[in-house]
Amino acid sequence: MITIVYDDIYRYHAPKKYHVENPSRIDKALSAINQLEVKFEKPVRVDDPQIVHSEDYIKLVEKHSKLEENLDADTYTNKYTYESALYAMGGALKAFETNGFALVRPPGHHAGVNGRALGAPTLGFCIFNSVAYPIKRYKLKRVAIIDFDVHYGNGTQEIFYDDPDILHIDVHQDPRTIYPGTGFVDMIGGKDAEGTKINLLIPPLGSDDLYEELIPIIQAILDDFKPVVVAYSAGFDSYVGDGLASVNATEYTFYNFGMISTKFTRKYAVLEGGYNKGLVKGLKAFLEGFANLKIEYKKYKSSDTVKSRFMNYLSEEKNILRNYWSI
């Protein structure tokens, strides 16, 4: 039985005109979730977003939400945005408390302490960083965050960049080819946290076989780090044909990401990206793995050219990671 944290308030954050991050994402996700054995829990509204974000940024979001003004070229608000984002943080909190999956909007992993993070041009549809909230709220130690959204989780990595107690493993499309343009392998954490911030790159057109190469590396790092909690920033926009990227992951990959968590007693996941097929097929497969259901999916392979590019990335990544981890 999988716990899904959800409330209709996550539909209320909505654009005035078409935007890919819109309430129909909830319907797509629920179409997948309702194929599984689940129970639903309600989120709470948090009143202390300042444990994650600066007061200035929180006030900016509240002001823009009241005025229904865009925060930037990518990121809209309406009169419900501020409240929805507080409930999204509360959804992540409830997911942590129940070992569940937070079906929340708006997304959050691009939102850093002051909003735009690590040189990103925009907030990338995000408002408040929900996956970070339970960690800050309960002052959690030994947390491993796995972010498999196709875009680098720059906000989350910035928030915890100097914290050696938070391992952040981010698997994303080569940032030279996609927003936010950062998230390179040499971004390894601040002075006292070096090696705890890990960026693993997938080249455009990379498929399941490349992600599969990364799974044992992630597992070896987790074995060394020994997390008490595993948290996911769960984005499904790397699913083949989802629309905003050019990698070709399928159910096989998302199932394997979910399976990583089955060794751990405490875990939670928070929805980030995913806009079309990924929210249906990728999400279902991830939850099946997350729940330790035994299912087999077909593995798709990348071209030799793409795999060669990936292996060059991987060689560089391993050279860095071997300074810190037994891989």
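Between I159 and N129 there is a side-chain heavy-atom pair separated by less than 4.5 Å. With contacts defined as side-chain heavy-atom distances shorter than 4.5 Å, the pair V5/L103 does not qualify. Counting heavy atoms from C-beta on, the side chains of Y10 and I26 come closer than 4.5 Å. In this structure the side chain of F290 never reaches within 4.5 angstrom of the side chain of F257, judged on heavy atoms.
Counting only N and O atoms by type, the side chains of H53 and N114 include no donor and acceptor under 3.5 Å apart. Using a 3.5 Å distance cut-off with no hydrogens or angles, the side chains of S54 and Q50 do not pair a donor with an acceptor. Side chains of T77 and E69: no donor on one and acceptor on the other come within 3.5 Å. Checking N199 against Q157 by side-chain atom types alone, a donor-acceptor pair falls below 3.5 Å. For the 3.5 Å distance criterion, the side chains of D74 and T122 qualify, holding a donor opposite an acceptor. A donor-acceptor contact closer than 3.5 angstrom links the side chains of T75 and D72. Remark: the S24 side chain and the K28 side chain contain an N/O donor-acceptor pair separated by less than 3.5 Å. A donor atom on one side chain and an acceptor atom on the other are not found under 3.5 Å apart for E41 and T3.
Ring-centre distance between F236 and Y275: not below the 6.0 Å cut-off. Centroid-to-centroid, the aromatic rings of F96 and Y268 come within less than 6.0 Å. If you look at H13 and Y76, their ring centroids are closer than 6.0 Å.
In this structure, K307 pairs ionically with E213, as a charged nitrogen and a carboxylate oxygen lie closer than 4.0 Å. One finds a salt bridge joining R11 and D8 here, because a Lys/Arg side-chain nitrogen approaches an Asp/Glu carboxylate oxygen to under 4.0 Å. Ionic pairing of E21 and R25 is present here: one or more N-O contacts between side-chain nitrogen and carboxylate oxygen are shorter than 4.0 angstrom. Here D208 does not pair with K298 in a salt bridge; the nearest charged N to carboxylate O distance is not below 4.0 Å. Salt-bridge annotation for D209 and K301: absent, with no side-chain N of the basic residue lying under 4.0 Å from a carboxylate O of the acidic one.
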Go through H172 and Y152 one step at a time and tell me if the ring-ring contact (aromatic ring centres under 6.0 Å, His included) criterion holds. CA-CA 6 Å; H172 50 269; Y152 168 50; 5.2 Å; yes
For the pair Y12 and Y80, evaluate ring-ring contact (aromatic ring centres under 6.0 Å, His included) and give the outcome as yes or no after the intermediate values. CA-CA 6 Å; Y12 297 172; Y80 300 109; 5.3 Å; yes
Could you walk me through whether Y300 and E251 satisfy the side chain to side chain donor-acceptor pair (under 3.5 Å) test, starting with their C-alpha distance in whole Å, then the side-chain angles of each, then the deciding distance to 0.1 Å, before giving a yes or no? CA-CA 10 Å; Y300 289 83; E251 289 91 334; over 6 Å; no
Is there a salt bridge (Lys or Arg N to Asp or Glu O under 4.0 Å) between D170 and K197? Walk through the geometry before answering. CA-CA 8 Å; D170 204 296; K197 307 303 173 276; over 6 Å; no
Could you go through the side chain to side chain contact (heavy atoms under 4.5 Å, CB included) check for L93 and E97 one step at a time? CA-CA 6 Å; L93 185 70; E97 293 170 347; 3.8 Å; yes
Between T156 and V131, does a side chain to side chain contact (heavy atoms under 4.5 Å, CB included) hold up when you go through it step by step? CA-CA 8 Å; T156 310; V131 78; 3.9 Å; yes
Would L123 and I127 count as a side chain to side chain contact (heavy atoms under 4.5 Å, CB included) here? Give the steps. CA-CA 7 Å; L123 278 156; I127 305 296; 5.7 Å; no
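Residue F184 qualifies as enclosed at atom CZ: its count of foreign heavy atoms under 6.0 Å is above 12. The environment of NZ in K191 is sparse: at most 12 heavy-atom neighbours from other residues, nucleotides or ligands sit within 6.0 Å.
Residue pairs satisfying the ring-ring contact (aromatic ring centres under 6.0 Å, His included) criterion with at least one member in residues 99-119, sequence neighbours excluded, are listed as follows: H110-Y179.
To the nearest 0.5 angstrom, K66 atom NZ is 13.0 Å from T81 atom OG1. The CZ atom of R309 sits 8.0 Å away from atom CG of L205, with the distance rounded to the nearest 0.5 Å. Note that SG of C126 and CG of L71 are 11.0 Å apart. Values are rounded to the nearest 0.5 Å.
The ring pair (Phe, Tyr, Trp, His ring centres under 6.0 Å) test with F148 is passed by exactly one of Y211, Y239, F254, Y255: F254.
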